[in-house]
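Report on the structure given below.
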Amino acid sequence: MLLQAVLLLLDCLASTLGQYELCKSLVSTDEGSVWEYYACQPKHQSMKDFMRIKVDPPGITCGNPPERFCTLENPYLCSDECDASNPDLAHPPQLMQDRERSGLITYWQTVTWRRHPEPLLANITLSWNKSLELTEDIQITFEYGRPTIMVLDKSMDHGQSWQPYQFYADDCLDAFNMPPKRVRDLSPANITRVICTEQYSRWVGSKNEKNVKFEVRARFAVFAGARLQNMDGLYTRMESMKGLRDFFTFTNLRMRLLRPALGGTYVQRDNLLKYFYAISNIDIPARCKCNLHASQCLLQDGNLQCQCEHNTTGQDCQRCKKGFKAKSWKAGSYLPVPNGTPNTCTIAGSPSGSNCECYGHSNRCSYIDYLNIVTCVSCKHNTRGQNCQHCRLGYFRNASAELDDESVCIECNCNQMGSVHDRCNGTGFCQCKDGATGPKCDDCLPGFYWKQGCHPNGCAYICVHMRRWRGEGGSTQSGFGHPSHGPDEHNAALT
């Protein structure tokens, strides 16, 4: 008992060690109390309460129409029924995330494999509309047998693209042409490898083994030790090993169920009512990804939201607040342990910020000796100038954007055939060739026709110019070739 208590204490210490829970602390200095800032992250929690579940294809959930089903243990006793119209007999998807406080096991269930040999396929997609980071093993609890073949996928871009997280099969070579592996077979160098495991797919009796896992703790243990006592080692690797943090990051998860539990080595076609999928619980321990700029993550307007510190903002604290872009945004760092580096966004001109304001379009400055000035280097987002405050040639200022906005400069998009060059004035109007008109010089004046540029239309062109020569046609067009703007406006300084 004493040994168990000690081990439990060690586990508790491991779970709290180096968790970066504080974003700032008030410390005393010779000049008074000042805030000291640290890298920080929210505590981990079960994400099952916040996930949205989608099941497809349509009609894969049992009960419409009502259907009988059997169990693998007693395949000839088919007295159970699934009926979507009866709350006591229905098995909808939301039962995968309920708390089962009554003690009665509830579960989602599919139709039976009555259409064999057509594959019985089901996809379960879990979404949060938020970037998350795994902190413990994912665990999916199957009733009536675990699938013999399934795939766990993840997305980092809200379901726009997917990549496999892990393959599961009773025979990995046959199902996926992959040799079977366990996480314990992995080394620090290949800990992010996507593997196929047979550990959770072999038939051992549904009463004994129900869980399918995606092992996170065992991967952490490669760097932090078996009982995760060396969390400093893990956090150091999180910073130094390319792709390690991203490996545990996701916005969506998807389970592709490809073949149900068989209860043996082959399908018994005389009793297909015993083959189906049933899931009673999905547990996903994780924390909100806040880029080490928040210690709390709360539900707001139905979505998880980091409570950002360090002058950052956004759902994941993924950018600097307006007015705090003296240098480019950067995620916090776990190093040096145990408090890390906050990489706080700073206001222009602040002592802790850069001496040169670049409006977030550059993170490097250079001193030019013979001019005695400091200038921004390698301005991004199509900006230029000493402080990245102007737009590059071929771009003009977006009047609705702040100077520190990444979309502050808009491309002129002058028509190459109709414009003198690719530059435009401060309102986006291009300088047109003779006969061309329009903001982008992609239209023709009366008396001209378009054919890879504007060309005079014979007699009509001569008549127009004769009238102008006689003073009958009013004032001539400005050099920019747009009748609604005078010379002064069109000859404004180009950006």
Side-chain angles (χ1 to χ4, degrees), residues 157 160-161 319 322 325 328 357-364 366 368 371 373 375-495:
D157 54 13
Q160 296 183 55
S161 62
R319 61 180 182 271
K322 285 188 176 181
K325 296 187 178 180
S328 297
E357 169 65 89
C358 299
Y359 297 103
H361 305 304
S362 173
N363 55 10
R364 290 196 300 127
S366 176
I368 303 177
L371 293 177
I373 63 169
T375 183
C376 302
V377 176
S378 301
C379 294
K380 298 180 292 185
H381 312 134
N382 303 307
T383 61
R384 65 179 176 88
Q386 180 182 350
N387 302 100
C388 303
Q389 78 275 33
H390 300 303
C391 292
R392 287 172 49 197
L393 295 180
Y395 292 79
F396 70 101
R397 169 74 188 277
N398 182 356
S400 63
E402 300 288 338
L403 270 176
D404 59 6
D405 197 309
E406 291 185 6
S407 60
V408 68
C409 291
I410 304 172
E411 191 170 4
C412 292
N413 282 323
C414 300
N415 187 287
Q416 293 181 353
M417 302 296 182
S419 62
V420 176
H421 42 60
D422 62 357
R423 286 168 283 168
C424 56
N425 69 0
T427 55
F429 283 88
C430 305
Q431 185 174 357
C432 298
K433 294 178 181 177
D434 191 26
T437 188
K440 307 302 177 187
C441 306
D442 52 4
D443 201 359
C444 293
L445 291 168
F448 290 80
Y449 69 94
W450 183 271
K451 186 178 180 181
Q452 294 186 334
C454 293
H455 302 275
N457 191 12
C459 182
Y461 172 75
I462 296 173
C463 293
V464 168
H465 280 266
M466 285 295 291
R467 289 179 63 196
R468 288 182 180 171
W469 180 71
R470 292 172 181 167
E472 300 172 7
S475 61
T476 59
Q477 297 292 335
S478 69
F480 273 64
H482 194 277
S484 62
H485 295 268
D488 290 340
E489 182 171 350
H490 280 300
N491 288 311
L494 298 176
T495 58

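For reference, positions follow the sequence shown, starting with 1.
- You'll find the side chain of W450 reaches within 4.5 Å of the side chain of N415, heavy atoms only.
- Within a 6.0 Å sphere centred on CD of E411, heavy atoms belonging to other residues, nucleotides or ligands number more than 12.
- Contact between N398 and S407 at its shortest, heavy atoms only, is ND2-O, 3.2 Å.
- Shown here for C441 and Q431, the closest heavy-atom pair between the two residues is SG-C, 3.7 Å.
- The SG atoms of C379 and C388 sit under 2.5 Å apart.
- Between C412 and C430 the SG-SG gap reaches or exceeds 2.5 angstrom.
- Cys pair C409 and C391 passes the test of SG atoms under 2.5 Å apart.
- Interatomic distance, L403 CG to H390 NE2, rounded to the nearest 0.5 Å: 10.0 Å.
- Of all heavy-atom pairs between H421 and C414, the closest is O-CB, 3.7 Å.
- Nearest heavy-atom pair across R397 and E402 is NH2-C, 4.3 Å.
- Rounding to the nearest 0.5 Å gives a distance of 7.5 Å between CD of E406 and NZ of K380.
- Within a 6.0 Å radius of CD in Q386, more than 12 heavy atoms belonging to other residues, nucleotides or ligands are found.
- Side-chain contact between N387 and H361 is absent, with no heavy atoms from C-beta onward closer than 4.5 Å.
- S161 and D157 are linked by a side-chain donor-acceptor pair at a separation below 3.5 angstrom, with hydrogens and angles left out of the test.
- Rounding to the nearest 0.5 angstrom, the gap separating the CG atom in L393 from the CG atom in D422 is 7.5 Å.
- Between C358 and C376, a gap of under 2.5 Å is found separating the two SG atoms.
- The structure places NZ of K440 at 13.5 Å from CD of Q416, a figure rounded to the nearest 0.5 Å.
- Distance check: D434 CG to L445 CG gives 8.0 Å after rounding to the nearest 0.5 Å.
- Counting heavy atoms from C-beta outward, V408 and T383 have side chains that approach closer than 4.5 Å.
- Note on ring orientation: taking the six-membered ring where Trp is involved, the planes of H455 and Y449 are tilted (angle from 30° to 60°).
- Atom CE of M417 is separated from atom NZ of K451 by 12.0 Å, given to the nearest 0.5 angstrom.
- Contact of the F429 side chain with the C424 side chain is not registered, since no non-hydrogen atoms from C-beta on lie closer than 4.5 Å.
- Between Y395 and N382, the closest side-chain pair of non-hydrogen atoms falls below 4.5 Å.
- Side-chain N or O atoms of S362 include one that pairs as donor or acceptor with a backbone N or O of V377 at under 3.5 Å.
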